[in-house]
Each structure stands twice: as structure tokens, then as C-alpha cells.
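By convention in this document, chain letters (A, B, ...) are assigned in the order of the sequence lines, proteins followed by strands, and residues within each chain are numbered from 1. Atom set for the values below is all heavy atoms of this structure, side chains included, hydrogens, waters and symmetry mates excluded.
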Amino acid sequence: MTLSHWLVKSEPNSYSYADLERDGRTVWDGVRNNAAALHLKAMKEGDEVFFYHSQEGLAVVGIARVVRTAFPDTTDPAGRFVAVELAPVRALARPVTLAEMKAEAALAGMAMLRQSRLSVSPVSADEWATILKMATG
DNA sequence: GCCAACGTTGGC
DNA sequence: GCCAACGTTGGC
């Protein structure tokens, strides 16, 4: 089975990567956007996920892993949306900022750059490798 | 704080 | 079913 890669956004004021490390795992709920929900449904156990800090930080700061695939989001009264569970893998050695990603030609097609408001987006294998390299450089 | 992008709602 | 109005997200 081939694993896929994703990116999720979170405002560190409400839930940061450090919070995920502290908790060990967390329910990724509250997504109320159909495109984002489709990506949640496509996540497989073991898929790796970049954890991006929006509003404050504006950078990919860590890697998480899908530990439970999509199930009904109990915070959605209408019962239409789904949640997954994520666990921390590791913090990046160096955060990769939005400005750096925008400046990197290899990331020009990246979903989160093309549609800035999408809170859950796919990351191609090449984009994943590019960002990992930027995090060590 | 402002504004662009974009999704949703509701009147027709 | 269209589209204007409105609300939310998120970068600047």
C-alpha cells in the first residue's frame, strides 16, 4: 500500500504542534468544508501529514501520522462531516515558512498555496520531499 | 484591522 | 437554478 501525504492547518493559539506532542494523539475534528472533508476521507492509516501553523508562525512545524481513518465528527450536529485521529511523529529541525514555500519554484503547484483557505490539502511526493529538504537546509 | 478568496444561504 | 449578500478563513 502506498502512503499519501497531506497538510493540515491549525492556529497555534487554539491547537499547536506542541499540544499534539503533549497529547500523544488527537481527534482532528471541526472541519466544515467539503473539499477538506473529502481529503480527510481519503486519508489512510499511516499517511504522513505536515502540521502547519496558520495566523501565527505561518510555517510547517512538524509531521503527524494518521492513526485512525475517517469517522463521523461528533461536533457536527448535522452529521455530515468527518474527523480523523492524528499522532505526532516529529517536529521539523527548522520550520519551513509560508514565504519560503511561495519562493520555491518546485512548490508552485502545491494545493495549499493555490487555495489558501483550504484547511486540509494533499501534498505530492515531490512536494513532501522538497519541504523536508528545506527543513534541514 | 483590512481585504481577498471562496463557500454558503436565501430571495426570486 | 441563478446570483447577490453575507460569513469565515487566513495572509498581509
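In this structure, the side chain of His5(A) does not engage the main chain of Glu127(A) through any donor-acceptor pair within 3.5 Å. The main-chain N or O of Ser119(A) is never found under 3.5 Å from a side-chain atom of Tyr52(A) such that the two would form a donor-acceptor pair.
With rounding to the nearest 0.5 Å, the separation of CZ in Arg25(A) from CG in Asp23(A) is 11.5 Å.
Using modelled atom types and a 3.5 Å distance limit, the side chains of Ser16(A) and Arg22(A) yield no donor-acceptor pair.
A heavy atom lying under 4.0 Å from DNA chain B marks the following residues of residues 29-38 of chain A, by number: Asn33(A), Asn34(A).
Counting only heavy atoms from C-beta outward, the side chains of Asn33(A) and Val120(A) never approach each other to under 4.5 Å.
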Mind listing the N/O atom pairs, protein and nucleotides 8-12 of chain C, below 3.5 Å?
{"residue": "dT8(C)", "atom": "O2", "partner": "Arg117(A)", "partner atom": "NH2", "Å": "3.0"}
{"residue": "dT9(C)", "atom": "O2", "partner": "Arg117(A)", "partner atom": "NE", "Å": "3.3"}
{"residue": "dG11(C)", "atom": "OP1", "partner": "Tyr52(A)", "partner atom": "OH", "Å": "2.9"}
{"residue": "dG11(C)", "atom": "OP2", "partner": "Gln55(A)", "partner atom": "N", "Å": "3.2"}
{"residue": "dC12(C)", "atom": "OP1", "partner": "Lys102(A)", "partner atom": "NZ", "Å": "2.3"}

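Taking the charged nitrogens against the carboxylate oxygens, Arg94(A) and Glu100(A) do have a contact shorter than 4.0 Å, which makes a salt bridge.
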Residues Ser14(A), Glu11(A); criterion side chain to side chain donor-acceptor pair (under 3.5 Å); working and verdict: CA-CA 6 Å; Ser14(A) 57; Glu11(A) 295 185 33; 5.0 Å; no

